[in-house]
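Take a look at the structure set out below.
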Amino acid sequence: MKCRACGGEAAVRLEYANLQLCREDFLRFFERRVARTIKRYRMLPRGAKVVVALSGGKDSSALLHVLWRLRSALGVEVEALTVDLGIGGYSELYVGAARALCARLGVPLRVVSLESEYGFTVDDVARRVRRAVCSACGTIKRYVLNREARRAGGYALATGHNLDDTLAAVLQAYVRGDVGALSKLGPALPPGGGFVARVKPLIETPEGDVRLYAEYAGIEYVRVKCPYSRGATSYTYKAALDLLEREHPGIKFQMLRSFLDRLQPALAGARPSAEQLDKCTVCGEPSRSPVCQFCRIRRQIGVRLREHG
Ligand code: FES
Ligand code: ZN
């Protein structure tokens with residue numbers, strides 16, 4: 001098996017593209033595709049500061065690595081932001097991996113501890129709130145990441161959502177008939193109303209390629225599953241997508257194209273605009289109701305709420 005780019009020994013074969021590449025050329029191919037995605041969807045204007053939501057897992061670690069390598073070509077400034085969720089036996093590993101990667105690359109990193117900065121942990125949520133931990137945790141992460149990225153002067157928050165994550169989320173929202181969620185699953189959301197821009201530079205990259213990239217680039221990431229993720233339905237959706245892809249190589253890309261080019265434009269009207277947002281009367285962050293979801297979670301746990309500066 002020969003590398004299509006250099007003629008040397010190929011290390012990987014990408015069925016969907018009918019392409020075989022050696023390690024070096026795979027890394028280049030991967031990075032070029034991410035750069036193309038960023039340009040195609042005008043994710044990052046030159047001079048912008050992009051804050052990478054770094055968990056210490058495979059996707060966000062690979063994303064940080066690529067963006068760091070592309071930063072001068074793209075003309076952007078790159079920083080990393082990690083939220084320490086305070087999940088015992090889990091968060092330490094992830095925060096440790098995030099620190100190690102940033103130290104190795106020389107990327108400025110800010111770690112925000114939910115416990116010391118906001119007075120509670122996700123373990124507290126699990127103990128005291130009856131609602132599904134994962135969805136509360138999602139709310140918490142979105143809130144803290146946006147707030148801290150904005151405070152750091154970031155133009156955009158970049159997350160590691162890959163092609164498979166996006167398609168799994170599309171299918172889940174489709175099953176629920178959640179039009180609002182579908183309307184927000186695109187590659188980029190503009191800044192405004194207290195939100196920094198949100199971008200997904202890996203949205204056109206299959207999860208398997210992210211795994212290979214992390215391995216070839218020598219990225220040490222954590223593979224431990226979150227103790228609260230048991231039974232998460234996204235795994236089933238991803239397995240179904242892999243089955244489809246095995247039978248029909250390229251179908252994942254086709255699904256993404258159909259979704260972004262045909263369905264999303266039709267759903268544009270369902271996307272809540274920033275102007276429709278109020279401010280949370282407790283914390284001042286953008287909110288659809290008088291008290292935002294984050295503050296409601298804190299209230300349920302019994303955190304004494306005070307104004308954050
Ligand atoms: Fe948030 Fe698992 S990482 S609940
Ligand atoms: Zn609030």
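Residue numbers start at 1 and run along the sequence shown. Both counts, for ligands and for their atoms, begin at 1 and track the order of listing. Worth saying up front: this structure is predicted, and the values here are computed from it rather than measured.
A centroid separation of 6.0 Å or more is found between the aromatic rings of F26 and Y213.
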All N/O donor-acceptor pairs, side-chain side in residues 79-86, below 3.5 Å, sequence neighbours left out:
unit_1	atom_1	unit_2	atom_2	d
E79	OE2	K49	NZ	2.9
T82	OG1	L54	O	2.9
D84	OD1	G86	N	3.0

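At the Zn ion (ligand 2), the vertex angle linking SG of C292 with SG of C295 is 110° (nearest 10 degrees).
Heavy-atom contacts of C134 reach the following atoms of ligand 1: 4 (S) (cutoff under 4.0 Å). Using a 4.0 Å cut-off to heavy atoms of K141, the atoms of ligand 1 that qualify are 1 (Fe), 3 (S).
R4 and Q20 are not linked by any side-chain donor-acceptor pair at a separation below 3.5 angstrom, with hydrogens and angles left out of the test.
Counting only heavy atoms of the protein, atom 2 (Fe) of ligand 1 lies nearest to C226 SG, 2.2 Å.
Put simply, the side chain of R288 reaches to within 4.5 Å of the side chain of L277, judged on heavy atoms.
At a threshold of 2.8 Å, atom 2 (Fe) of ligand 1 has no backbone or side-chain N, O or S atom of C137 nearer than that distance.
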Report task. Evaluate ring-ring contact (aromatic ring centres under 6.0 Å, His included) for F294 paired with Y118, printing each intermediate quantity in order. Result -> CA-CA 10 Å; F294 181 81; Y118 294 93; 5.4 Å; yes

